[in-house]
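Reviewing the structure listed below.
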Protein chains: 2
Amino acid sequence: MTDSRLDAVKLDGAGPVYDQIRRAIRDLVVSGSWPPGTSVPPEHALMEQLGASRMTVHRALVQLAREGLITRRRRSGTIVASPPASHAMFDILSIPEEVRGLGQDYAYKVLSRSDGRPAPDVAERFGIKRWEKVAHLVVLHRADGKPHVLEERIIHAAGAPGLEDEDFAVTPPGDWLLEHSLWSQAEHAISAVGAGAAEAALLEITEGEPCLLVERRTWNQSQPVTAVRLLHPGSRHRFVGRFGPYGRV
Amino acid sequence: MTDSRLDAVKLDGAGPVYDQIRRAIRDLVVSGSWPPGTSVPPEHALMEQLGASRMTVHRALVQLAREGLITRRRRSGTIVASPPASHAMFDILSIPEEVRGLGQDYAYKVLSRSDGRPAPDVAERFGIKRWEKVAHLVVLHRADGKPHVLEERIIHAAGAPGLEDEDFAVTPPGDWLLEHSLWSQAEHAISAVGAGAAEAALLEITEGEPCLLVERRTWNQSQPVTAVRLLHPGSRHRFVGRFGPYGRV
DNA sequence: AAGTGGTCTAGACCACTCC
DNA sequence: GAGTGGTCTAGACCACTTA
């Protein structure tokens, strides 16, 4: 029903009108009320509903489009966009896609999983409380049969509905989360570490070999969703990016 | 003279007017014709000069401001901005500022410098031609007296006027370049490596200790400016960034 | 007090594309 | 053909800041 969507757009009277419109629609998108694919009311409808001129409505929508939240096409109108799958340099990256992008066979194995309260060392490593309900997973990703990345992950039960019923038999946890959870913030850290004995054995490298450690935590509206540590043997990984002084090129 | 600046803004007739205006001014900024601090003609002057409405001129200027090329203030007008000193996660970073930002004493020493054609191994490492005129430098940066980062850099003579006369006695080469050259593009790569014997000795770590290797190359309008390899002992460095699915938070 | 940018309107014409 | 967004105008009033 178009009316219900129109009625959902509420201005709060704070700041410029175009920004009120932008924030109102943004909130509907990031909260999940308007999932990807939802059609956004056309400019003239918003204009009448909100009592603003078309230029003002247009300005809000253009900005949302520039931010990537919506997609606009003449005649067919405006729809809520799918969140970008990959992101900048430290992206929410699909390892299967990365490997296949290199033209290699992809395979993975869940080496361990435990649900419930985290063990003390796990809670410590991920900086979470011992009483939080999480799943703790260790996954080895392979490219052309060779160990590629070692993934250790916790998933917060509260942030990932359906977690209990998923066994990650056909989709690795990272990709499953991309489809089954929302996130609004992510933090990444990258550092160099030597592989520990157990890690080296799994990755089939020698202990102490330099690896890139990418740590990522994501939240949805301050609800933690997941935290992951990805260990990449250094000789096999580089992260590359291109910039200009005023932005990405 | 305001007139000369106004006259410098030339539209090319390609695409929307607001974008022609945006590109015209952008080109004046990134080419260096309008250095940082230059005042940009006010909207009404551009409007008359270009025969566009104020909204159209405004749209171009707003976009340039959002891109960070200009700074706008009511009453005082619009001026060309200084290029951002630091950049995203893989920034054109001032090591002195980074160290001092951590509350530590900063010091550096130029361990070696040679000007002219690069040695074969240097040309190989940086992917440059043997006949290019460059300066090759090795610099050790210290924080509170302890080795912090090992920097190996080449600077292209053609891209850095004044290079011959600079001895880097008071300013390390990275910071000197920030003030004495323009750049329009940069490429970064990050990987994990083990410290070599010579590097380990200089950094006072053990050979093979994992280090983050940040490699950066910059160009100004396809003229190479500099290329640098920064070796950070892994235990002391992390790069951290925060994102939302639709952009930096 | 005056110059500057920030916002907004009411309307117009055009370009694209689906029906 | 008609619905949608893309662009543009001519004007207005306001907010901020400096002189």
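Heavy-atom basis, side chains included; hydrogens, waters and symmetry copies ignored. Lettering follows sequence order; numbering is per chain, from 1.
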Of all of residues 8-19 of chain B, which get a heavy atom below 4.0 angstrom from DNA chain C, listed by number?
none

Give a yes or no on whether the backbone of A/Gly13 and the side-chain of A/Gln20 come within a donor-acceptor separation of less than 3.5 Å.
yes

Where each residue is assigned the nucleotide of DNA chain D containing its nearest heavy atom, which of B/Arg73 and A/Glu43 is assigned the position nearer the 5′ end?
A/Glu43

For the backbone of B/Pro224 and the side chain of B/Arg217, can you confirm whether one donor and one acceptor N or O come within less than 3.5 Å of each other?
no

Under the side-chain hydrogen bond (donor to acceptor under 3.5 Å, both in side chains) rule, collect the residues that match up with A/Asp12, sequence neighbours excluded.
A/Arg23

Under 4.0 Å from any atom of DNA chain C, heavy atoms only: list the residues of residues 47-63 of chain A that qualify, in numerical order.
A/Gly51, A/Ala52, A/Ser53, A/Arg54, A/Met55, A/Thr56, A/Arg59

Given 3.5 Å as the limit, does a donor-acceptor pair link the side chain of A/Ser39 with the main chain of A/Ile79, or not?
no

All side-chain hydrogen bond (donor to acceptor under 3.5 Å, both in side chains) counterparts of B/Ser76, not counting sequence neighbours:
none

Interface limits on DNA chain C, where chain A has a heavy atom under 4.0 Å of a nucleotide atom:
C/dT7 to C/dC19

Closest approach of A/Met47 to A/Ser53 (non-hydrogen atoms, all atoms of both residues):
CG-C, 4.0 Å

Side chains of B/His156 and B/Gln223 only: does a donor on one sit below 3.5 Å from an acceptor on the other?
no

Does a salt bridge link B/Arg22 with B/Glu67, judged by any charged N lying under 4.0 Å from a carboxylate O?
yes

Not counting sequence neighbours, which residues clear ring pair (Phe, Tyr, Trp, His ring centres under 6.0 Å) with A/Trp176? List them please.
A/Phe168, A/His180

I'd like to know if the side chain of A/Tyr108 reaches the main chain of A/Thr171, judged simply by a donor and an acceptor atom lying under 3.5 Å from each other, with no hydrogens or angles considered.
yes

